[in-house]
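Counting convention: from 1, in listed order, for ligands and their atoms alike.
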Amino acid sequence: MTRQAFRGALFHCLDDPAIAPEAAVYHDDGGLIVDGGHVEASGPWAEIAPALKGARVITLPDTLIVPGFVDAHVHYPQVDAIGGYGEHLLDWLKDYAFPAEIAFENDPGHARATADFFLDELLRNGTTSALVFATSHADSVDALFEAALARQMRLIAGKVLMDRNAPESLQDTAEGGYAQSRALIEKWQGKGRLGYAVTPRFAPTSTEAQLTLAGRLLAEFPHTLLHTHLCENTDEIAWVGELFPEARDYLDVYERAGLVGQRSVFAHGVHLDDGLRARLVRAGSAIAHCPTSNLFLGSGLFDLQAAQQAGVTLALGSDIGAGTSFCAFATMSEAYKVAQLRGHPLHPFTAFYLATLGGARALHIDAHAGNLAPGKEADFCLLDLAATPLLARRLGRAKTVQERLFALMILGDDRAVARTYVAGRLAHDRNAPRGKLPGS
Ligand code: GUN
Ligand code: ZN
């Protein structure tokens, strides 16, 4: 792979700007040198230019270089369930999500085609890493990991564990789900840039026996993550109370099974109180906030400020297919609006942090991804700041970086993602004919 340099505006976060404002770094005339799939240097162009040593230089007017986005909660089989009309969570699962997942039964061709579509859609939107639900079928995980390996993506996924309260063809058993997960971990964990997440769907669809075995997997394979849902919807929470009368609350169901730790990522957490937030902080667990999903299903308004103030590790997720967009700008924009309804603004630096380094931290991949610091893997995108007439006009009038980024996250969409690079290789080019990547 050739050594390349990119010259344009550059933005990334070296830490959480809500805690350390100087950690949000912007260079109007910036640059990035990529060598062997890694970032060799990034910074003001004048500072990195002396180190070019014959690198191929690509000069990018009207372009912002940013780290690839991290989607901290998404269901790949649900691309065909997006836009399911008229239901809240539990009926939506029954009417839309489960049928889309049943389509994976005994159909590896469907799994392969959906995995390819899903990953290409992530890349088209500038998302280079994700934490992904497959279905309860082991071959749905194989299909996704094979497709991610071919694209060299840093991706974490797992087989759904679900041994009750679901259609027969989606159910496994506690022991069967354990054995299949074990085999998948042994096959995929650490292969290329892939990681495995033990993935019980949510408390209502697992017996206590299954959750306990999920906890055993985490103890046996300490590099895996735990990925599930928590406190998304009030009917769901009441149902958990009925199904687990011995538990003091929803989180306690997971705590008793050994599922609440430093490597646990819980989607949603819409209905948390101070006590639950404090327990998540003590455990070092993360919440993936999924605003387009929470609005679409009418689940509620996540209290981002309370979670931040409590010190919860936070990330953003699309939650396709209850979520409505693959695009990180849409997720950031809806997160802003949800926060507005909660009475506080979400600063654009924090929004970009959550969609990049924050997500990488939640997924424990921040040693490799999340920003463009030297030594990191070169996952990044080139954003076209003149992608639409409105974007060009509005950004042309923005006076500060913060105003620019904010207008971008409110007005931007996939048209602004001109190119996406994965480990230094061109993985999406907006202007290439479909299926062709010149210069890769
Ligand atoms: N809770 C359990 N399963 C799901 C799912 O597929 N989507 C969402 N949004 N919530 C869930
Ligand atoms: Zn989900």
Side-chain angles (χ1 to χ4, degrees), residues 71-104 114 118 130-137 140 156-167 170-172 177 197-206 210-211 214 225-240 243-244 250-251 253-254 259 264-271 286-302 315-326 331 334 338 359 362-363:
D71 187 339
H73 177 69
V74 56
H75 301 249
Y76 99 83
Q78 293 180 9
V79 289
D80 299 318
I82 301 170
Y85 174 76
E87 307 291 3
H88 292 87
L89 174 64
L90 299 176
D91 287 326
W92 178 84
L93 284 173
K94 193 160 44 71
D95 294 350
Y96 300 109
F98 290 159
E101 296 182 21
I102 288 170
F104 282 67
T114 309
F118 169 79
L131 175 57
V132 189
F133 264 63
T135 70
S136 46
H137 314 102
S140 73
I156 306 172
K159 179 203 119 62
V160 173
L161 298 167
M162 186 156 58
D163 68 345
R164 64 167 167 171
N165 294 324
L170 290 181
Q171 284 190 40
D172 54 13
V198 177
T199 309
R201 177 171 220 116
F202 67 157
T205 47
S206 286
Q210 179 161 69
L211 296 176
L225 298 187
L226 182 280
H227 185 199
T228 190
H229 299 88
L230 173 72
C231 295
E232 176 178 3
N233 162 293
T234 50
D235 290 342
E236 169 210 19
I237 295 169
W239 193 23
V240 172
L243 291 168
F244 297 90
Y250 197 154
L251 186 61
V253 174
Y254 295 146
L259 302 181
S264 304
V265 181
F266 297 101
H268 305 299
V270 172
H271 304 281
I287 291 281
H289 171 33
C290 306
T292 73
S293 167
N294 298 160
L295 293 169
F296 181 76
L297 291 180
S299 301
L301 302 174
F302 180 70
L316 292 177
S318 68
D319 195 27
I320 295 294
T324 50
S325 176
F326 274 88
T331 306
E334 298 309 281
V338 169
L363 273 50

E232 N/O/S atom closer than 2.8 Å to the Zn ion (ligand 2):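 So E232 does not count as coordinating the Zn ion (ligand 2).
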H73 N/O/S atom closer than 2.8 Å to the Zn ion (ligand 2):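 So H73 counts as coordinating the Zn ion (ligand 2), yes.
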Identity and separation of the nearest protein heavy atom to [atom]:
atom: atom 10 (N) of ligand 1; value: E232 OE1, 2.7 Å
atom: atom 3 (N) of ligand 1; value: R201 NE, 2.8 Å
atom: atom 9 (N) of ligand 1; value: D319 OD2, 2.7 Å

Heavy-atom pair with the smallest gap, counting every atom of Y85 and Y96: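 Nearest pair, atom of Y85 first, then Y96: O-OH, 2.7 Å.
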For V160 against D172, the heavy-atom pair lying closest together: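 It is O-OD2, 3.7 Å.
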Heavy-atom side-chain proximity of H73 to S318 below 4.5 angstrom: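 When only atoms from C-beta onward are counted, S318 and H73 do not touch, as no gap falls below 4.5 Å.
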pair I287-F302: side-chain heavy atoms closer than 4.5 Å: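 Yes. Closest side-chain heavy atoms under 4.5 Å.
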Should [X] be counted as touching ligand 1, given the test is an N or O pair under 3.5 Å?
X: E101; answer: no
X: E236; answer: no
X: W92; answer: no

Location of contacts on L93 toward ligand 1, heavy atoms closer than 4.0 Å: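 Just the side chain.
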Residue H229 atom name (nearest to the Zn ion (ligand 2); N/O/S):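 Looking at H229, the N, O or S atom with the least distance to the Zn ion (ligand 2) is NE2.
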Atom nearest to the Zn ion (ligand 2) - D319, N, O or S atoms considered: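 This residue's closest N, O or S atom turns out to be OD1.
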Short side-chain donor-acceptor distance under 3.5 Å, H268 and N233: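 There is no such pair (donor and acceptor under 3.5 Å, judged by atom type) between the side chains of N233 and H268.
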